[in-house]
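Since the structure comes first, as structure tokens, the remarks are kept for the end.
Just so we're clear, the structure is a prediction, and the values are computed from it rather than from any experiment. Heavy atoms only: backbone and side chains are in, while hydrogens, waters and symmetry mates are out.
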There are 2 protein chains.
Amino acid sequence: MATVSRALRGLPNVAPITRAKVQLEAERLSYRPDPHASRLAAGRTHSVGMAVPELGRWYFSQVVAGARDTLYSHGYDLLLFGVGNGEERRRFVRQWGVLGKRVDGLLLVDLRLDTDELVDVHSAGLHLVSVGDSYDNLPSVTVDNRRAAAIAVRHLVSLGHRLIALIGEDDHQRHFSVPQFRRCGWLDALAEAGIAPHPELEVPGNFTVAGGYCAMTQLLACTPPPTAVFAMSDEMAMGAIKAVRDHGLDVPGDVSVVGFDDHDLAHIMDLTTVRQPVIDSGARAATLLIEAIGGHPGAPHDIRPTELIVRASTGPRRTVTE
Amino acid sequence: MATVSRALRGLPNVAPITRAKVQLEAERLSYRPDPHASRLAAGRTHSVGMAVPELGRWYFSQVVAGARDTLYSHGYDLLLFGVGNGEERRRFVRQWGVLGKRVDGLLLVDLRLDTDELVDVHSAGLHLVSVGDSYDNLPSVTVDNRRAAAIAVRHLVSLGHRLIALIGEDDHQRHFSVPQFRRCGWLDALAEAGIAPHPELEVPGNFTVAGGYCAMTQLLACTPPPTAVFAMSDEMAMGAIKAVRDHGLDVPGDVSVVGFDDHDLAHIMDLTTVRQPVIDSGARAATLLIEAIGGHPGAPHDIRPTELIVRASTGPRRTVTE
DNA sequence: CTGAAAGCGCTTACAG
DNA sequence: CTGAAAGCGCTTACAG
């Protein structure tokens, strides 16, 4: 029994011949160790959890895809948890005691934890890696959202725009900090250009296509309406473009639009956007987590590069006879 | 010990007072039963697996999202498996012995199984539900792909088109049958209209935006080029539209394009498409699986409705002086 | 290098 | 209605 266990797991102190015999017989019976029994005895589950706010959004689906591929190639199974709304999030946080027994580590995607929640999760013996958000004492994979957003907005400023709107998220959404960083970047670029931010030009878009559409509709009703918009995601940006066109206006003639992500379809829509390496970030986070589980420290904060991709959805401010 | 177990799981034969005391104390200690230990003793894992070809594709991400929500609300955890390429698929199929111990049931998304693979999976004691593909002896959630595709192509025929191309998948991809049904629908509609299918007008698009772009580029090089295209997914259709425009041609003026799915962005791109209830199918499949695990038979084959959504990417064939 | 023993944390008959 | 006992299938010291 014990020898079989050692032989199959490649542990030392097994005679080569014995090991070969065991492997052969195991193969013949297509024997597989029961993962629950081995976790119970050994403590390792060989699976990791991933907490994702919303699977339906492009960004999250890509991060999951990237992480899954890496986890797969290292033999880890992936357990998926939703933490989108407050109730899910609460339930997820409350079950950390169990989670420590279910998975060897946890990938948190855009999930902002309080200090005491962090303490709980550590006491559950979980290895953690954060994607999107960064924490002092946790390995993380992020981009510099504030700087990237500022670059996008500066691009609009350089085209002569002064009325630059922001399509973002409700500030009630305290659970996520990424939108707040992007908002800061927007403010930074406006401040540099000596532009006072107008509260009317800041509208939530819920990070969906439909939300972006509604937000833009609302913005077009302003007097005067903005001549440029920075949307915090490509999906919202695409919704915004549609709204502009449905109002009989032109992109970028009447309104310039910048997004964030470089969605698969951004190129198709000729959308100017901030490209971030999404799949890659998921993969990188998975690698960091696997290293942490394996007992290797690893670089704590990995800040990935972003790049402004200028396409045809942005153009110079139309000179109006004022 | 035994009483605590019964009390916490709501089993009968526990005095109300005892149960209350147990619950109170469990709460105080924030005790959670170890899921591995209980699976080992009881056999139930309270988690289900989901086999998905590719997470990055819109369709799959939505199906997963729909299933996850339902599973969550019934207290099941979701284990995600990739079966995209041949190697992953083989590995997945080979581990069925273990899978039966890891999960209570399995959701197969667009995964075509051979007869002997089906036998194996049944002998592993797994409950199965299929999404996309249908099997005689398995509950499934599908749409009538053949009929839906035929309706899309008939729409093109009714607009006067005769040279109607198909952007689909390599026929080497034997693992999936959905593309083949859609191809049959294309053939059906052509046959009804007395149009002979031209092999040159059938091009693989790999179900990606970039693949659709390449496919369309290839089609535009035909002499004569098609005046209409049916793409098996909206992502390919959108890539195709972009290719048409990059060649200085107009949609639908020069080429009409129909997609399949009703992607979030199809509306934005004014894409005519076949709508299918994607999230809902995922949710429905999860429900069927939960019922199967619970020992309730449930309706075996659930064929969900589709609907042709006509937008501005299709129009009458331009009358050329021939 | 090998195998007998104890134990991981539960659940399920079974006796009381 | 309650609790002692056996067992789920492994792994890890520990003797040999």
Query raised in the report: Which dot-bracket string describes DNA chain D (Watson-Crick N1-N3 plus N6-O4 or O6-N4, or G-U N1-O2 and O6-N3, all under 3.5 Å; [ ] crossing; | other strand)?
Result: |||.||||||||.|||

Query raised in the report: Contact boundaries of DNA chain D with chain B (under 4.0 Å, heavy atoms), 5' to 3'?
Result: D/dC1 to D/dG9

Query raised in the report: Do A/Thr142 and A/Asp302 touch side chain to side chain, with heavy atoms closer than 4.5 Å?
Result: no

Requested in this report: Would you please name every residue forming a side chain to side chain donor-acceptor pair (under 3.5 Å) with B/Asp144, sequence neighbours left out?
Outcome: none

Query raised in the report: Would you call A/Asp34-B/Lys101 a salt bridge at under 4.0 Å N-O?
Result: no

Report summary line: Closest heavy-atom pair, B/Val141 versus B/Arg284, reported as atoms and distance to 0.1 Å, is CG2-CG, 3.9 Å

Query raised in the report: Is any side-chain heavy atom of A/Val143 less than 4.5 Å from a side-chain heavy atom of A/Pro305?
Result: no

Query - Partners meeting ring-ring contact (aromatic ring centres under 6.0 Å, His included) with B/Phe181 (sequence neighbours left out) - result: none

**Report entry** Between B/Ser5 and B/Arg9, a side-chain donor and acceptor under 3.5 Å
**Finding:** yes

Report summary line: Residues in residues 92-100 of chain B with a heavy atom under 4.0 Å of DNA chain C, by number, are none

Requested in this report: For the residue pair A/Asp261 and A/Ser233, confirm or rule out a side-chain donor-acceptor distance under 3.5 Å.
Outcome: no

**Report entry** Cation-aromatic face contact A/Arg68/A/Tyr72, 6.0 Å, 45 degrees
**Finding:** yes

Query - A/Val83 vs A/Val52 side-chain heavy atoms within contact, under 4.5 Å - result: no

Query raised in the report: What nucleic acid atoms does B/Arg44 come within less than 4.0 Å of, heavy atoms only: base, sugar-phosphate, or nothing?
Result: nothing

Report task. Please confirm whether B/Arg89 makes a cation-pi placement over B/Phe81, using NZ or CZ under 6.0 Å from the six-membered ring centre and within 45° of the ring normal. Result -> no

Requested in this report: Please examine the side chains of B/Pro35 and A/Val98, heavy atoms only from C-beta on, and report whether any two atoms are closer than 4.5 Å.
Outcome: yes

Report task. Pull out every residue in residues 3-21 of chain B that has a heavy atom closer than 4.0 Å to any atom of DNA chain D, ordered by number, or say none. Result -> B/Thr3, B/Arg6, B/Asn13, B/Val14, B/Ala15, B/Thr18

